[in-house]
Every structure is written in C-alpha cells, then in structure tokens.
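Note sheet for the following structure.
Counting convention: from 1, in listed order, for ligands and their atoms alike. The basis for the numbers below is simple: all heavy atoms, side chains too, and nothing from hydrogens, waters or symmetry mates.
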Amino acid sequence: MSRIIQKEWTVRPSYFAVKTQNLIRNVVENIKMTPNPNKKYITLSIGDPTAFGNFQPPESVLQAIRDSLDHPSSPNYGPVIGFYEARKAVAEYSRRQGKVKPEDVILCSGCTHAIDLVITTLANSGQNILVPRPGHTVYKTAAEGLGIELKFYNLLPDQNWEIDLEDLENKIDEATALIVVINPSNPCGSVYKAEHLRDILQIASRNRVPVLADEIYEDFTFSGHKFTTLSSLSVDVPIITCSGITKRFLVPGWRLGWLIIHDRNNILGDDIRKGLCNVASRLLGPCVLIQRALPAILESPQGYFWDMMKFVETQANFACKQLCLCPGLRPITPQGVMYMMIEIQISLFPSFKDDVQFVERLLMEEAVLCLPGQCFGYPNFMRIVLTVPENILTEACNRIMAFCQQHCSGLKMKEELLDVTVAKPIIREDLLTTA
Ligand SMILES: *Cc1c(COP(=O)(O)O)cnc(C)c1O
C-alpha cells in the first residue's frame, strides 16, 4: 500500500495564475448591458486595425509567408532567440536607434512577449516597475502574477499627455527595477518631442534605472509630429526597446516582435543578456515560419502604411471636431497612433457614476461600444479606435452626440455656444482639404 498524502482532491490555480489579470478583459466582460437591438452595433473598442476589413496586410507581406512555407526546413525548430538572418534584418531595420548588432536583438512571440521577457529578466518579486497612467494593460498582466508591483506615474492630458516628470522621479525608490516609456502612446496617441525624451533620460540616468522603451507605434505620427526613438538620445542609460510587426505590418495575429538591447556603457553586461536568453528558452523561440519571412516583411514598400496614417489623421480630425461639440465630452487631440482619449466630464452627467456606467449606457441606448478609461487605469475617460471605416465613425459620432444631448445636464448652458445644426453630420469635404 502506498502512502496516502491527500484524501480529497484539491486542485487549485497557482498564485501566478490568479494574480495574472487582463484589465481590458475584466472591465469589458463586466459590462452587463446588451447593445440596443434596434441599431446596428458599432465597436470602437478593438485595437486591431485589421478587425474591420478596411485594412489588410500588403501583398509582399503575404508572399513572404508563402515563400517561408516552401523552405525545405520550414517545420524544424529554430534557435530560442531567433534565426541570425532574421535578427540581422531587425538590426538593419532599427539602425536609427543607434548602433544595433544582430547580437543585440532577441525575437519574440509578439511585442507582448518581448515586454514579458524584459520584466521577468530585470525584476524580482518585491521590486516595482514604473508605468504610465493612462497606459497599456500588458504591463499589469505581465508583472503582477510575479509579485512585481506596478507604480504609476502620471501623464498630463493638457500637455499632450507628456509625462509629469516630477511625479515620475518621485515614484522611483530603492526597489524600482525599470521605467517603462510608451511612445507613441496607446491609448493616448501622443508623440513625444526629443526634448521631452531627454528629460526622461536625465531622470533615469540620475537615479540609475534602466528603461523599457515600448515603440511598437514607431512612425505612427500625424503631420507636424516626428517620432524620435528613445535609444538614439541615450548616452548612458541602458535601454531595451520593444517593438514588432503587429501594428506596422497589419498582422497582429502572426505574433512576431522583438527586443533590442542598447547598452553603450556595458551596464547591463553579459549577465542580463544571458538572463534574457535563459528566459527566452522557456518558449523555445517564436514561430519559425514568420521568422524566415521577416527580412522580406521588413523590406515591404511602405505606401500602404503612409496611406493608412493619412486616413487615421483625417479620422482623428473629424472625430475631434465632432466630439468637441458634444456637451460633456472633451476629446484630447492625438498626435499619432490610432486611438483617441476623450474626457467624460462626469459631473455633468448626473445619472452616471463613472466612465464604465457612461460606456454601458451608451452601448445599451446607442449600440456603440467604447473602452472605458478604467481599462488603462484612468477613470472618466474613454478610448475610441480611429481605424474604423469612415461611415461607421460618422454614425458613431452622431450617436454619441445624441446620447450626450440627452444625458448631459449642462446642455442648456452649452447650447448657446453650439450651432443648431450640430446633431447633423459635419460635411466631410472641408475636413479632407485640411488633412
Ligand atoms: C499592441 C501593443 C502591444 C503588443 O503588441 P503585440 O505584438 O500584439 O504583442 C504592446 N504595447 C502597446 C503599447 C501596444 O499597443
């Protein structure tokens, strides 16, 4: 007879599994309202430009995968940090970041995995990482299960979402392992000037904290705004830049990203590089089919991308003009990316407690779904996606207007400022000429 250890079945999820949470999923799953069945459902919540069918990856990107499939060893395992050829292609593609060698590149299963690798390699349980608020939820998901604390530094909506530098520096303590900078930003659509990036680097340098630069939206800028890669400005601060093909090449489902180590003063040293490789070996490297296609993907002509950005900019201008006229809303003009944050002046909506209730009722009455700011740690805002087809965005703005007119208590006062034709769609032509 063998020894009985337990008389009852008790199979429990690990601490890690319980503590690993996705804020967007949690908030959205908790929205109990169903969309008004009498209106066509419009979702402005999905951060995937390919979700609506109006944007597709270019043919050269698709062909690269077909060719990869025909490679004689296409089903074989690849190296855990990626094929040298593919890493070389990323180094070449990223040369404006500074001197990048293939040895500095690790290929990952999406940018999310790159972020996960950096956090698990640089931080221990009990340490903290500094992340922007509002900011993308991927950081919370990656860190909390590991017992790594998130500390939020504030962004300033009235200064185009620049970082509150004083707040950032105040949040650094002995246990801070990493500062995360997301530029250009999801959800804010901000694009930082070089000057601001230099200020951030000075804080990191003074306090000796390495930086994770999330640059998955590199070059997603509107006219008049220029993207600067953080690492190109760094003298001493070690920077690990995370990016990938998801957004730029319109293939979110293909799951290919990377991290690039910039360590000019050899501060991270071989230990961190080795640590990153160790952790990468947990997943045995990203999909080989995509890795082999990577050099060709990265060389794809970019006409489709600049066309998309022009379209998104037009959409941003349109949505801004329209939503500015909605009583109780204050859209913050984005400088790039494909999202816009809108402040809900909640005190003007006496029937709603917060952004989640506002979004729920908007869904119930007007069948429009926006993401509540709480998904990004930022209540009383909501985020909309600008890549939806034009007619859908126009219709959504009209419905949001009707909704605000109905529920905003400040309407009477605001009405005097408004044109009486306000509820009608603004004519698109005059907007297109300004784009
Ligand atoms: C989409 C996104 C990611 C994740 O990209 P994947 O390649 O899909 O994993 C990371 N950071 C930000 C800011 C994003 O918007």
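- Among Ala114, Cys111, Gly47, the residue whose heavy atom sits closest to atom 5 (O) of ligand 1 is Cys111.
- Of the heavy atoms in Ile182, only side-chain atoms (C-beta onward) come closer than 4.0 Å to ligand 1.
- For Asn186, every heavy-atom contact with ligand 1 shorter than 4.0 Å involves the side chain, none the backbone.
- Heavy atoms of Arg255 found under 4.0 angstrom from ligand 1 belong exclusively to the side chain.
- When side chains are defined from C-beta on, Asp355 does not count as touching Ile346, because their heavy atoms never get closer than 4.5 Å.
- Remark: distances from the non-hydrogen atoms of Lys247 to ligand 1 include one below 4.0 Å.
- Using a 4.5 Å heavy-atom cutoff, the side chains of Met308 and Leu250 are in contact.
- Of all heavy-atom pairs between Asn160 and Ser190, the closest is O-CB, 3.3 Å.
- Which parts of ligand 1 touch Gly110 is read off a 4.0 Å heavy-atom cut-off, strictly below it: atoms 7 (O), 9 (O).
- Atom 11 (N) of ligand 1 has Asp214 OD2, 2.8 Å as its closest protein atom, hydrogens excluded (heavy atom only).
- With no hydrogens or angles considered, a side-chain donor-acceptor pair links Asp67 and Gln63 at under 3.5 Å.
- Within the listing of ligand 1, atoms 6 (P), 7 (O), 8 (O) sit less than 4.0 angstrom from a heavy atom of Thr246.
- Listed by atom number, the atoms of ligand 1 under 4.0 Å from Ile216 heavy atoms are 5 (O), 7 (O), 11 (N), 12 (C), 13 (C), 14 (C).
- Shown are His262, Arg87, Lys99, Arg273; of these, the side-chain contact (heavy atoms from CB on, under 4.5 Å) with Asp104 is made only by Arg273.
- A centroid separation of less than 6.0 Å is found between the aromatic rings of Phe403 and Phe352.
- Aromatic pair Phe381/Trp161: centroids less than 6.0 angstrom apart.
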